Amino acid sequence: MLHLRLTGSGAPVLLLHGAPSAAEDFRPVVERLGRRHRFIWPDLPGYGLSEPVEGKTTIARVQTLLEDAVLALGIKELAIVGFSLGAYRALSMALSGRLRITDLVLVGGYAGLDPTDAEGMRGTAGFLRTLPDFQNPAVRQMFAERMLTPESAKANPEAAQRVGRWLDLTTPSLLADELESSADSRDLLPHLGLLRSRVTLRVGARDVATPARYSEELAKRIKGARLQVVPEAGHALLLEDPHRTLDALDEALKAQVATRRDEG
């Protein structure tokens, strides 16, 4: 069972956190835009208050749960904001056709990993399966360095601590499942011509988890996509560049409200 937070009123927006990250990181978005949007912000399976799925966690199984949960709310049309793996999930949901996705806002997104990055992700998954938990300080430090630039981590130790706490929301084995599923997931690039969503892409120029080249490739292939590359920023833009990223999400989602007004 997915734990869903439902906040605000108006045009519906699904908020998808990464693997790992916290749904709570979207709170500033919800608080600022709740007067014009109805936000659905779940803890994904195995995170926070949501139980893991039975057996192995895969992208396909989680997508089905998400789509079923949204449809059970009586919602057939919505926007999605996705961070990292949440961005891949958002693209996949837009292409599946079960829901009409009007707008996609993809932060640190990708449509599929190249062979080198996929193999690296499998290696990380293998390492995670050797861990009893995430309490080793060296592991937490290594993870923080992947999410933030060194300059950001030094200047904003609270952001580094929050990134470290993402690991406390899940387990090494579940995260390993997600990384393996991501490494083996289908390449969505050949299917992007089928998208009928407005797309905004935002990525840090120094993102090492999902490098800017992935967002740049998406921008090339998606007609009308808007690409925003944030100088000197890393992966965790909701923490590292919060104010400008919030402004960008606000601007990107205005089109959804305008479309609903015109159709109404």
Side-chain angles (χ1 to χ4, degrees), residues 4-18 21 23 25-42 44 62-63 66-67 69-71 73-111 188-189 191-203 210 214-230 237-238 241-242 244-264:
L4 298 177
R5 301 167 185 81
L6 303 174
T7 311
S9 60
V13 181
L14 177 64
L15 303 173
L16 297 179
H17 65 76
S21 70
D25 293 337
F26 288 115
R27 182 167 295 280
V29 180
V30 172
E31 291 177 346
R32 175 163 162 176
L33 306 183
R35 291 185 178 182
R36 74 172 197 239
H37 293 284
R38 182 187 185 193
F39 287 104
I40 308 155
W41 40 318
L44 295 179
V62 172
Q63 178 172 322
L66 285 168
E67 291 171 341
V70 171
L71 289 168
L73 295 172
I75 296 172
K76 297 181 180 179
E77 176 179 303
L78 73 165
I80 307 179
V81 177
F83 167 59
S84 195
L85 180 53
Y88 179 92
R89 296 189 202 279
L91 270 175
S92 185
M93 290 174 70
L95 290 167
S96 81
R98 291 190 70 196
L99 298 162
R100 179 172 181 259
I101 310 304
T102 60
D103 298 82
L104 290 168
V105 186
L106 310 180
V107 181
Y110 63 101
L188 301 179
L189 285 177
H191 308 286
L192 295 181
L194 301 174
L195 274 180
R196 296 296 178 264
S197 311
R198 289 177 292 261
V199 178
T200 299
L201 306 157
R202 187 168 177 84
V203 64
T210 54
Y214 286 117
S215 292
E216 291 165 351
E217 186 63 29
L218 286 169
K220 291 177 184 177
R221 296 188 183 228
I222 300 173
K223 185 177 180 180
R226 296 186 298 170
L227 173 63
Q228 304 164 1
V229 180
V230 184
L237 291 180
L238 289 165
D241 186 50
R244 290 185 300 173
T245 296
L246 180 54
D247 288 344
L249 299 187
D250 186 346
E251 184 64 29
L253 292 172
K254 284 179 180 177
Q256 182 199 23
V257 176
T259 298
R260 283 169 61 93
R261 189 182 300 120
D262 292 343
E263 292 176 348

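Note that the structure is a prediction, hence the values are computed from the model and not measured.
Across all their heavy atoms, Phe26 and His17 have their closest contact at CE1-N, 3.7 Å. Here the closest heavy-atom approach between residue Ala255 and residue Asp103 is recorded as CB-OD2, 4.1 Å. Listed here is the closest heavy atom pair of Ala79 and Leu253: CB-CD2, 3.9 Å. Of all non-hydrogen atoms in Ala252 and Arg226, the two that sit nearest each other are CA-NH2, 3.4 Å. Scanning all heavy atoms of the two residues, the minimum distance from Gly18 to Ser84 falls at CA-CB, 4.3 Å. The nearest pair of heavy atoms linking Ala219 to Leu227 is CB-CB, 4.0 Å.
Side chain of His37 to backbone of Ala11: a donor-acceptor contact under 3.5 angstrom is found. Without hydrogens or angle criteria, Ser197 side chain to Leu104 main chain gives no donor-acceptor distance under 3.5 Å. Judged purely by atom type and a 3.5 angstrom limit, Ser92 has no side-chain atom pairing as donor or acceptor with the backbone of Tyr88.
Side-chain contact of Ser9 with Arg38: a donor-acceptor pair under 3.5 Å is absent, judged by distance alone. Judged purely by distance below 3.5 Å, without hydrogens or angles, the side chains of Thr200 and Gln228 never pair a donor atom with an acceptor atom.
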Next item on the list: Carefully, step by step, assess Leu106 and Arg202 under the rule side chain to side chain contact (heavy atoms under 4.5 Å, CB included).
Entry: CA-CA 6 Å; Leu106 310 180; Arg202 187 168 177 84; over 6 Å; no
Next item on the list: Any chance you could lay out the side chain to side chain contact (heavy atoms under 4.5 Å, CB included) test for Leu6 and Phe39, step after step, and finish with the verdict?
Entry: CA-CA 6 Å; Leu6 303 174; Phe39 287 104; over 6 Å; no
Next item on the list: With side chain to side chain contact (heavy atoms under 4.5 Å, CB included) as the test, would you mind laying out the steps for Glu31 and Leu246 before giving the verdict?
Entry: CA-CA 11 Å; Glu31 291 177 346; Leu246 180 54; over 6 Å; no
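Taking the side chain as every heavy atom from C-beta outward, Met93 and Leu14 approach each other to under 4.5 Å. Contact annotation: the side chain of Leu78 never approaches that of Thr102 to less than 4.5 Å [non-hydrogen atoms, C-beta and beyond]. Side-chain contact check for Leu91 versus Leu218: some heavy-atom pair is nearer than 4.5 Å. In this structure the side chain of Leu15 reaches within 4.5 angstrom of the side chain of Val30, judged on heavy atoms. Counting heavy atoms from C-beta on, the side chains of Val105 and Ile80 never come closer than 4.5 Å. Between Arg98 and Val70 there is no side-chain heavy-atom pair separated by less than 4.5 Å. Within the 4.5 Å cutoff, the side chain of Leu44 has heavy atoms near those of the Leu66 side chain. In this structure, the side chains of Leu4 and Pro42 come closer than 4.5 Å at one or more pairs of heavy atoms.
Atom CG of Leu192 and atom NZ of Lys223 lie 14.5 Å apart (nearest 0.5 Å). Here Glu67 contributes atom CD and Ser96 contributes atom OG; the two are 3.5 Å apart, rounded to the nearest 0.5 Å. Atom CG of Leu195 sits about 10.0 Å away from atom CD1 of Ile101, to the nearest 0.5 Å.
Residues Glu217 and Arg221 are paired through a salt bridge, judged by an N-O separation under 4.0 Å between the basic side chain and the carboxylate. A salt bridge does not link Asp247 to Arg244: none of the charged nitrogens lies less than 4.0 Å from a carboxylate oxygen.
Within the structure, every pair that satisfies the salt bridge (charged side-chain N to carboxylate O under 4.0 Å, His left out) test and touches residues 83-97, not counting sequence neighbours, is listed here: Arg89-Glu178.
Partners of Val107 under the side chain to side chain contact (heavy atoms under 4.5 Å, CB included) rule, at least two apart in sequence or in another chain, are Phe83, Leu237, Leu249. Checked against salt bridge (charged side-chain N to carboxylate O under 4.0 Å, His left out), Glu251 has the following partners two or more places apart in sequence or in another chain: Lys254.
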